[in-house]
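Here the structure comes first, spelled out in structure tokens, and everything after it is commentary.
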Protein chains: 2
Amino acid sequence: MENNIGVLVLGHGSSLPYNKEVVSAVAEMIGNGDGNMVVKTAFLNLDTPTLHEGLKSFEGTGIEKIVALPCFLAPGVHTTQDIPRVLGIKEGENQTTVKLGDSEIELLYAQPLGADSCIANLARERIGEVLQE
Amino acid sequence: MENNIGVLVLGHGSSLPYNKEVVSAVAEMIGNGDGNMVVKTAFLNLDTPTLHEGLKSFEGTGIEKIVALPCFLAPGVHTTQDIPRVLGIKEGENQTTVKLGDSEIELLYAQPLGADSCIANLARERIGEVLQE
């Protein structure tokens with residue numbers, strides 16, 4: 001992966017604490033062992049930092065590019081419309097620039113997680129747990 | 001895992017097709033290679049089958065127990081209140097019985113996926129993809 005990447009992990013947000021806890025834990029794991037990546041979190045609704053606060057949090061970190069990653073299982077209205085609107089990304093596009101301090105830097109918008117066998121394996125763990133209780 | 005388990009994979013549902021596609025793909029992967037498990041899907045909002053239709057879809061399959069698995073990253077209002085209410089599970093509990101044809105069978109309610117290093121690995125794949133475009 002390139003150097004000096006800022007990753008903004010975007011959560012849905014919730015009135016309960018669990019979404020923020022899970023998104024924050026995933027964000028920490030994304031950054032683990034990669035000194036070239038600065039990982040921050042932001043939330044669409046109900047939790048903070050907001051998306052704008054999340055972008056601003058990269059000021060002074062020396063990152064040269066930001067990747068916004070929606071920590072959602074599947075694309076939906078939030079990931080295809082709401083988040084791009086707040087980030088200033090046109091619908092159907094995945095790139096813009098943002099002002100960070102005195103610089104304009106590139107903001108790339110990643111896809112959500114998607115279906116993967118690792119999700120199915122996690123699901124099987126959860127199924128196994130409730131059967132053993 | 002025990003024999004003759006029905007797994008009802010519960011999705012959020014969406015006005016866009018992607019949530020149903022991802023939840024259905026994960027459900028198919030959960031069942032792959034396990035002949036003792038019957039896997040079905042159901043959706044809380046906007047998509048079908050509904051939760052009640054999903055439960056009913058196990059009629060005639062010979063399953064002896066159902067595990068309802070919320071295909072959500074984190075617990076939230078949907079998984080702790082809305083889904084249990086529809087399934088007839090008291091808040092804070094994870095078990096009830098449901099009528100399936102002429103039988104009463106046990107319905108267990110699993111936890112959502114939760115934070116896991118495999119989710120972080122998937123996220124890193126998505127980040128790598130958008131950086132390479």
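Letters A, B, ... are given to chains in the order of the sequence lines, protein chains preceding strands, and every chain is numbered from 1.
Hydrophobic clustering (ILVMFWY, side-chain heavy atoms < 4.5 Å, transitive): B:Leu73 and B:Val23 are in one cluster. In this structure, A:Val67 is a member of the same hydrophobic cluster as A:Phe43, with clusters built from ILVMFWY side-chain heavy atoms closer than 4.5 Å. No path of Ile, Leu, Val, Met, Phe, Trp and Tyr side chains, each step under 4.5 Å between heavy atoms, connects A:Ile66 with B:Val130, placing them in separate hydrophobic clusters. Residues A:Leu10 and A:Val38 are members of one and the same hydrophobic cluster, defined by side-chain heavy-atom contacts under 4.5 angstrom among Ile, Leu, Val, Met, Phe, Trp and Tyr. Following chains of ILVMFWY side-chain contacts shorter than 4.5 Å, one cannot reach B:Leu8 starting from B:Met29, and the two form parts of different hydrophobic clusters.
Interface with chain B: from residues 75-90 of chain A, residues A:Pro75, A:Gly76, A:Val77, A:Thr80 qualify, criterion being any non-hydrogen pair under 4.5 Å. Residues from residues 13-20 of chain A that place a non-hydrogen atom less than 4.5 Å from a non-hydrogen atom of chain B comprise A:Ser14, A:Ser15, A:Leu16, A:Tyr18, A:Asn19, given in numerical order. Scanning residues 107-122 of chain A against chain B with a 4.5 Å heavy-atom cutoff picks out A:Leu108, A:Tyr109, A:Ala110, A:Gln111, A:Pro112, A:Leu113, A:Gly114, A:Ala115, A:Asp116, A:Ser117, A:Cys118, A:Ile119, A:Ala120, A:Leu122, ordered by number.
With a threshold of 4.5 angstrom between heavy atoms, A:Gln95 does not approach chain B through any atom at all. Within the 4.5 angstrom heavy-atom criterion, only side-chain atoms of B:Glu133, from C-beta onward, approach chain A. Using a 4.5 Å cut-off between heavy atoms, B:Val26 contacts chain A through both its backbone and its side chain.
Side-chain contact check for B:Ile127 versus A:Ile30: some heavy-atom pair is nearer than 4.5 Å. A:His12 places none of its side-chain heavy atoms less than 4.5 Å from the side chain of B:His12.
Minimum interatomic distance between A:Arg124 and B:Asn32 (heavy atoms only, all atoms of both residues): NH1-O, 4.5 Å.
In this structure, B:Glu125 CD and A:Leu69 CG are separated by 11.5 Å, a value rounded to the nearest 0.5 Å.
For A:Glu21, there are no salt bridge (Lys or Arg N to Asp or Glu O under 4.0 Å) partners at least two apart in sequence or on another chain.
Enclosure of atom CD in B:Glu64 by more than 12 non-hydrogen atoms of other residues, nucleotides or ligands within 6.0 angstrom is indicated.
Note: B:Val22 leads B:Val22, B:Val9, B:Val7 in heavy-atom pairs under 4.5 Å with chain A.
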